[in-house]
Each structure stands twice: as C-alpha cells, then as structure tokens.
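Note that the coordinates shown come from a computational prediction; the quantities given were computed from them, not determined experimentally. Remember, it's 1-based here, ligands and their atoms both numbered in the order they're listed.
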Amino acid sequence: MTGLLTSPDPAANPIWAKLTAAAAVVPDIRALLDADQDRPVRSTVSAAGITLDFARQRITPESLTALIELADQQGVFIRRAAMFAGEHINITEDRAVLHTALRLPRGSSLVVDGVDVAAEVHQVLDRMGSFAKAVRNGKWRGATGKRITAVVNIGIGGSDLGPAMAYEALRAFSKRGMTFRFVSNVDPTDISEAIGDLDPARTLFVIASKTFSTLETMTNGRAARSWLVDALGEKAVSKHFVAVSSNSELVEAFGIDRDNMFGFWDWVGGRYSMDAAIGLSTMIAVGPKGFASMLAGFHAMDKHFETEPAPRNLPVIMGLLAVWNRDFLNISTNAVLPYSQYLSRFPAYLQQLTMESNGKAVRLDGTPVTYQTGAIVWGEPGTNGQHSFYQLIHQGTSPVACDIIVVAQSDNPLGDQQNMLIANALAQAAVLARGRTLAEVTADGTDLALAPHKVMPGNRPTSVISTARLDPFTLGALIALYEHSVFVQGALWGINSFDQWGVELGKKVALGILAVIEGQAEPSSIDSATVHSIAVIAEQFAP
Ligand code: F6P
C-alpha cells in the first residue's frame, strides 16, 4: 500500500536517457516503413473487437521494448494490479479507482474495503434496467398519464460528456421516436433551447451529478423544475425527475425522493462514470440489453489490459506511444480524428478523460515533474476536419500526433460513400506518415517557385484504430482502450491521474465574482483586473 504513495522519477531511470538518445536519431516514418515491409503486420494488435495499427508511429521496435521495460521498472504493472484490486491509488483523495468494477459480469465478486462492490453494481444496474424498460415501454408515465417521449440529461463534465457522446455514438441502436437532449452549460441558452419545444407532460429530466452540488447542474436543474412545476404543478415532480448521484442527502434536499435516485460510489471518478448510473439516459436510449453489451465491451478490454503481455497489449502500447511522442519526440498535441459521424462527440469526451486525468505537474509525492505530461487533445470527425485544420497538421510548424479512427461498416450504407470515407481516412494516414518530398513535387513539372509550398513534411506520428462496426460492445471497448492508455501514461509519469484539483479554484473565484456582480460583496474583495472587466461588461449590459 505504501508503495503506491510514491513513484520513482522516470527521468532518473537510465532507460530514460537511453530513450532520449534513441529519439535523437530515430529515422523518419517513411524510412521506417520502407526499411521493413513487415512493419505494418508486426505493428498491428487486436483485442475486444478493436485493432490498433501503429506502423506509422515514429518509433523503432527497440525503443518500444525499452519503454515497456521502463514502465515495468516504474511500477506501472504493479499499479495496474492495485487499481483492479481496489487499492486506494487515488492518494490525494484517498479513494479506490474502480471503474473496472462497473463492468464486472453478473455473479462476479470483488470485495473492497469490506464490501462486495460487484454485487452493489448489479443491484443498481437492475434498478436502472427496470426503470429504463418502464420508460421505454410506456409503463412509466408522466403525471398526467402521458407516455414519456423526451429525456433531458442535466449534468456537466463527466456527468454530461459520456452520456452525450454515447447517445450520438449509438443512435443507430437507440429508440427512435424518443428525443434525447443534454444540458450542461450554465449559459441560460442551453436549457432554454433544450426544453423550449418539449411538452412538459412527456418530458423526463435526469439530474446527473456525482456530488449533487455542481453549480451549473443545480442551477439548470432548478430551472427545469420551475418549468415543469409551472406547467404541471408541484406534485408532478416525482414522475418527471430522477437523480443520478452518490449524494442521497442533497438529492432529497433538491426534492427528488430516494426511490427516484440511482446511486454510485466515490470510487467512480466523474470522467469514468458513463458506465455507472450516469449512463441512465444511455440505457433508456439503447435499452438494458444494449447497455449490458456496452459494459461487456468495456470488460473485454479491461481483461485484455489486465492480462495480455505488454508487447501485444493495446492500452499499454497506446499509452507508451503517447509518452514517447510527448517526452521524447516533443510533440505536445494529439488530434483524435474519428472517421465516423456517430463519433462526433468522441474527441470532446476524450478531452476530459485525458486532460483532466493527466494535466498534472507534480508527482505523487508533490515534487514537480521535470518532464512533460499529458498532451493537449482535440479533434473533429473526418472528413470535415480535412477541410478545416488539417492544413496545419500537414504543413504547420507544430507537429501533431494523430489517432485516425475507422469504422469499417456503415449503419447507413448509401452508394459508395462509406468507401469514400475509408479511402479518405487511409489517405490522410498515408500522407501524414510519408508526406511528399520536393523531388516528388517537381517530378510532375510543378513550377520551382510553387514547389516548396506543395512539399509535405510528413513524419506525423499516426495510429489507425479500427473496428468492424460501431455498436454498444465496440464503443465500450474503444472507451476502455483510451481509459487504460491514460492510466499507463499517468502511472509511468508518476502522477495522480484520478484527481482534478486544478478545476476547483476557478469555481471558488466565480462565486466571489458573482457576489460582486450581484452587489452582495465589495469590489475590493476581488482583483483590480476583474473589477475593470466587470465595469466594461456592465457598460455593454446597459449602454
Ligand atoms: O469540475 C470538474 C468536475 O468535478 C468533473 O471532474 C466532473 O465530471 C464534473 O465536475 C461534474 O461533477 P458532478 O458530477 O459532481 O456534478
């Protein structure tokens, strides 16, 4: 247990210096590919319906082996076992990190801190299942006896991004005829636009908040409550509001009774909670069976991560490549480019998962890191991004590592559009890796003055992550792949991937500023630049 409170400095490990030297002389990606015709086959690994092809990463097999050795010496695999066993690896909050327990198959047992968490997980899943079924088949009705046809999830961060992403991703499996909306922003526009055209008598609100104290969610929740009560009266609340939270006292204080609450536990981090009760809206959309299939996909990737030897282990390889790109190739950003419209919200989901987890600058013992940690993650679906920011990826001065996600089969086959989509994904992977030299540009007689503008440096490290079909199972596996990759990176860096202290100060300061804006506190209680900004905005408010 004490071994989990600290982690050796990776930069002080002799392997780190060896990797630094290797990175200084690593051939470019085109040379790596041309020198070894077997590289693509050797660099392709599959598990749980997901295939990772990392042939276009700028790394030699020797360096990957050295990274595995480094991970081993840094205790990454010991920490992995500790996570699965429910030890308190989130040391700053003294909590277990057990999202993997959320997807243990029925009948499993995992006793943590004296409690069988697997049994508790299935009790909640069963309650969610009965409720979701009743809403879907019309047994659960609104206060006036009408069927529920719209579900509005109100939450933010992990209580929004996962459900919103999963709903988009699994639209092909969702109950058509029902409307699903996701409200997160405290901007009054969000809730107003989300509910403006809905019928209160047919609307169910899911208030999703682990703490049940998040300003945005509580504010939007109260606005929704007033909207409903104005239309249907106070008594209607119990038929139109359910809560998902780990804080039953605050749920009751809000006016939702415990029977309408679905709980989860402090060992589920917000950004790891979409497969806990936070996924209630997902379950209503895809049904309890679809949700179970998603959990099975998560679990299949968990098992792979837990047991597969490192050289064939997808999350281990992906996590180590991320460390290599960040620390040894000095690439600060990672674009996630899903060639699937259904995955349009996946980059936003991954932003929280990766950046809230690994955007940290001190090690477990509180000492500053002397190396780089989490990359900046962003992205948009292909092919849209190609007509927007890919220019910078191809020819800009900041190298970007890319994840190209390909779904082989479309749920909406239309002419040869799916072939076009896949051809574009693979074309981008090829160009990002190989680029186009000056000799190649001029070979077709391109004017010499124009030629430099057409040269493509290539050498952008790219992984192609593919799956046969995007369904609940493969979505679960894909998310778990990224979750565990994040874990590997954080464990190697020796940081705590499971807290998020960096988001607290802004929340506190906002309350102080609100008090000044509303005349309940003196401007002297806040800094002068903010006082000035308030004055500027006040003028715009009432010119
Ligand atoms: O502000 C960050 C955060 O704490 C996230 O980690 C979390 O997902 C989000 O806020 C929402 O928190 P809650 O579910 O408690 O409302």
Side-chain angles (χ1 to χ4, degrees), residues 89-99 102 124 128 152-167 182-187 190-191 205-225 241-254 256 261-282 345-360 374 377 479 482-483 486-487 490 495-514:
I89 64 167
N90 176 356
I91 59 162
T92 58
E93 297 177 318
D94 191 18
R95 287 176 181 165
V97 174
L98 265 180
H99 41 279
L102 297 169
V124 176
M128 288 168 65
V152 181
N153 187 83
I154 299 181
I156 197 163
S159 301
D160 164 71
L161 289 161
M165 177 275 290
Y167 172 65
F182 298 86
V183 174
S184 54
N185 201 333
V186 78
D187 181 339
D190 201 6
I191 181 110
F205 290 97
V206 178
I207 312 288
S209 174
K210 181 177 171 183
T211 55
F212 229 72
S213 59
T214 303
L215 174 95
E216 293 89 338
T217 304
M218 294 304 107
T219 308
N220 282 322
R222 280 191 294 271
R225 202 177 189 285
F241 276 82
V242 295
V244 178
S245 184
S246 60
N247 192 332
S248 49
E249 281 79 31
L250 291 183
V251 167
E252 274 185 316
F254 183 88
I256 297 177
M261 169 182 162
F262 301 87
F264 62 111
W265 307 267
D266 71 355
W267 42 259
V268 186
R271 53 194 175 274
Y272 297 89
S273 64
M274 59 166 285
D275 45 349
I278 290 292
L280 185 63
S281 61
T282 315
R345 295 290 287 153
F346 196 54
Y349 172 77
L350 288 184
Q351 284 183 328
Q352 186 196 18
L353 177 66
T354 59
M355 297 203 275
E356 199 166 68
S357 296
N358 284 341
K360 313 280 163 70
V377 173
I479 298 165
Y482 276 94
E483 284 179 347
V486 164
F487 172 90
I495 58 177
N496 184 359
S497 300
F498 301 103
D499 60 13
Q500 56 283 320
W501 298 107
V503 300
E504 295 306 323
L505 181 59
K507 295 183 192 173
K508 210 170 141 200
V509 173
L511 292 179
I513 295 173
L514 181 63

Under the ring-ring contact (aromatic ring centres under 6.0 Å, His included) test, residues paired with Tyr272 that sit two or more places apart
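Tyr272 satisfies ring-ring contact (aromatic ring centres under 6.0 Å, His included) with His99, Phe498 once adjacent residues are dropped.
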Can you sort out the partners of Phe205 under ring-ring contact (aromatic ring centres under 6.0 Å, His included), two or more places apart, ordered by chain and number?
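Counting only residues at least two positions away or on another chain, Phe205 forms a ring-ring contact (aromatic ring centres under 6.0 Å, His included) with Trp227, Phe241.
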CG of Asn358 to CG of Leu353: how many Å apart, nearest 0.5 Å?
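The distance works out to 8.5 Å.
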For Glu216, what residues pass the salt bridge (Lys or Arg N to Asp or Glu O under 4.0 Å) criterion, not counting sequence neighbours?
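Expected list: none.
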Verify the distance criterion only: is there a donor paired with an acceptor across the side chains of Thr211 and Asn247 at less than 3.5 Å?
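Checked: Thr211/Asn247 side chains show no N/O donor-acceptor pair below 3.5 Å.
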Just by distance, no angles: are the side chains of Asp499 and Asn90 close enough, under 3.5 Å, to form a donor-acceptor pair?
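No, no side-chain donor-acceptor contact under 3.5 Å.
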What does the 4.0 Å heavy-atom contact list look like for ligand 1?
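Residue list for ligand 1: Ile156, Gly157, Gly158, Ser159, Ser209, Lys210, Thr211, Thr214, Gly270, Gln352, Glu356, Gln500, Val503, Lys507.
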